[in-house]
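Heavy atoms only: backbone and side chains are in, while hydrogens, waters and symmetry mates are out.
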Amino acid sequence: MRLIEWAIVGALIFLPFATVNRIEVETQRKALLSELRYNAALDAAVDDAARMLTVNANQQRETQYESAKRVALNKDEAIAAFYQTLYTSFGIADDPVAQGVLGRYIPAIAVIGYDGFYVYAEEEWTGADGKTERKPVWGAKKPYAYADSSGNSLSFTLDDFVLAYDAGSRSWHEGLRADVGQQTNIALLKDAVRFEQVRRSTIVRAIEDELAYRINKHNESVSRFGLSYTFTLPTISQEEWNNTVDDVGVLAFIQGIPMGGKFYNNYALGGSRILKKPEIVGARKGSMKVYYRSTCGFAYPAEETFSSEKAAAQKGYMPLDCPVSPS
């Protein structure tokens with residue numbers, strides 16, 4: 001057989017492999033592009049949701065508390081922003097059918113609050129007309145609850161503020177860890193390092209347990225609609241959990257979207273660097289010492305600034321409400 005004939009035989013042998021390899025490379029390229037697009041869409045949706053958490057919420061209710069992390073949350077504005085951004089990014093803003101399909105791949109969304117968290121997930125119930133209703137709704141607020149072997153109970157927050165039940169004196173106490181520790185015999189409150197460890201682990205475990213439960217329920221629900229993908233709580237690094245329990249925010253998941261030969265599975269956290277209370281300004285209005293939020297727009301000469309309204313009040317400043325914007 002001549003050399004040219006050997007070359008033709010070799011080409012015929014390797015051509016199918018080269019074709020398959022080219023197809024696989026192209027499939028992987030498209031899958032990678034899809035993954036990047038989905039990641040960007042999810043990140044943008046979670047960031048927009050976190051940004052809207054405090055919009056139109058009545059922050060005045062929280063002004064007497066010391067912590068800058070205690071902010072009123074507007075969960076409904078946040079969830080609306082999440083889906084609006086997500087639908088726009090997926091190009092289905094005007095397609096309710098596609099939106100319903102995409103919703104099947106979102107097992108749960110969590111809002112991390114100052115002294116508890118909420119989960120937005122699908123629930124099923126029987127309506128007044130006897131028909132089965134099924135749609136995502138907000139669950140009840142879940143506290144960051146902890147109990148020790150002595151029968152004491154603690155409800156943690158995203159900082160040192162704590163609500164404690166002292167089993168020895170059968171009394172409730174509320175305040176900063178150090179202050180409550182002096183008022184009670186609860187050992188955990190007298191050890192700052194251990195308190196911080198237990199506080200963080202309690203918050204993380206509470207959120208993980210609730211999300212795992214919700215995701216498992218989602219598996220049962222979607223299986224009835226022919227979706228065979230098994231949703232699971234993804235592994236979240238300790239660093240990301242630490243960011244999560246440092247400030248209020250939003251945690252969302254998208255899983256199970258077919259993507260080439262695999263499934264899209266990702267989550268996004270938003271809020272810890274976005275939601276900050278405005279600075280409190282202590283100023284002189286005529287002969288009166290007043291304080292107000294830096295976003296109020298007053299031009300009174302500032303004397304000092306504070307991290308909380310309580311701190312300003314303790315220095316003798318009087319509260320001054322922001323002007324009401326014309327509607």
Side-chain angles (χ1 to χ4, degrees), residues 50-74 111-116 141 143-144 154-166 171-186 188-196 198-200 203 242-249 271-326:
R51 192 173 295 111
M52 295 301 289
L53 265 180
T54 56
V55 172
N56 296 328
N58 183 8
Q59 303 300 341
Q60 293 298 325
R61 292 183 307 169
E62 313 298 334
T63 58
Q64 298 306 310
Y65 294 97
E66 187 169 288
S67 175
K69 298 178 180 179
R70 185 189 285 263
V71 292
L73 302 178
N74 193 331
V111 165
I112 316 301
Y114 177 69
D115 54 359
K141 183 179 181 180
Y144 308 126
L154 299 172
S155 184
F156 294 117
T157 64
L158 297 183
D159 56 24
D160 275 358
F161 200 88
V162 64
L163 172 65
Y165 175 74
D166 186 347
S171 58
W172 288 94
H173 302 266
E174 187 178 38
L176 297 177
R177 176 202 61 79
D179 296 335
V180 177
Q182 293 178 351
Q183 302 165 11
T184 68
N185 292 316
I186 302 175
L188 180 62
L189 299 177
K190 302 179 187 303
D191 186 335
V193 174
R194 185 163 175 268
F195 173 87
E196 181 64 11
V198 173
R199 183 186 70 84
R200 286 182 176 275
I203 295 174
N242 285 338
N243 291 335
T244 302
V245 301
D246 272 343
D247 209 341
V248 297
S272 61
R273 291 171 298 279
I274 296 173
L275 303 174
K276 297 297 182 187
K277 268 189 161 182
E279 190 176 55
I280 303 302
V281 178
R284 181 74 65 172
K285 181 183 179 183
S287 59
M288 185 171 62
K289 295 173 67 176
V290 298
Y291 72 80
Y292 49 84
R293 282 172 284 164
S294 57
T295 54
C296 288
F298 292 126
Y300 303 122
E303 296 186 330
E304 52 188 321
T305 59
F306 304 91
S307 61
S308 71
E309 299 195 29
K310 183 177 181 179
Q314 288 175 335
K315 294 292 291 289
Y317 291 89
M318 301 298 293
L320 186 62
D321 291 335
C322 291
V324 178
S325 301

Let me see the working for V290 and Y317 under side chain to side chain contact (heavy atoms under 4.5 Å, CB included), right down to the final yes or no. CA-CA 5 Å; V290 298; Y317 291 89; 5.6 Å; no
From CA spacing to verdict: salt bridge (Lys or Arg N to Asp or Glu O under 4.0 Å), D159, R199: CA-CA 9 Å; D159 56 24; R199 183 186 70 84; over 6 Å; no
Side chain to side chain contact (heavy atoms under 4.5 Å, CB included) evaluation trace for L320 with Y300: CA-CA 11 Å; L320 186 62; Y300 303 122; 3.7 Å; yes
Checking ring-ring contact (aromatic ring centres under 6.0 Å, His included) for the pair F156/F195: CA distance, chi angles, key distance, verdict? CA-CA 10 Å; F156 294 117; F195 173 87; 5.4 Å; yes
Worked check of side chain to side chain contact (heavy atoms under 4.5 Å, CB included) between V162 and Y144: CA-CA 10 Å; V162 64; Y144 308 126; over 6 Å; no
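For the pair C322 and R293, the tightest heavy-atom approach, listed with the atom from each and the gap, is SG-NH2, 4.0 Å. Among all heavy-atom pairs drawn from V281 and A302, the shortest one is CG1-CB, 3.7 Å. Between A164 and L189 the shortest heavy-atom distance is CB-CD1, 4.2 Å. Across every non-hydrogen atom of K190 and T184, the tightest pair is NZ-O, 2.9 Å.
Side-chain atoms of R194 never come within 3.5 Å of backbone atoms of L188 as a donor-acceptor pair (strictly under, hydrogens ignored). In this structure a side-chain-to-backbone donor-acceptor pair under 3.5 Å is present from D166 to N185.
In this structure, D115 and T157 have side chains that are in contact, with non-hydrogen atoms separated by less than 4.5 Å. Within the 4.5 Å cutoff, side-chain heavy atoms of P319 are placed close to those of Y291.
Sparse packing is recorded around CE of M318, with 12 or fewer heavy atoms of other residues, nucleotides or ligands lying under 6.0 Å away.
By the ring pair (Phe, Tyr, Trp, His ring centres under 6.0 Å) test, Y165 pairs with W172, sequence neighbours left out. Remark: K285 pairs with no residue by the salt bridge (Lys or Arg N to Asp or Glu O under 4.0 Å) rule, at least two apart or across chains.
Note: L158 CG to Y114 OH = 7.5 Å, rounded to the nearest 0.5 Å. Here CD of E174 is found 12.0 Å from CG of D179. Values are rounded to the nearest 0.5 Å.
Exactly one residue among K289, R284, K315 makes a side-chain hydrogen bond (donor to acceptor under 3.5 Å, both in side chains) with E303. That residue is R284.
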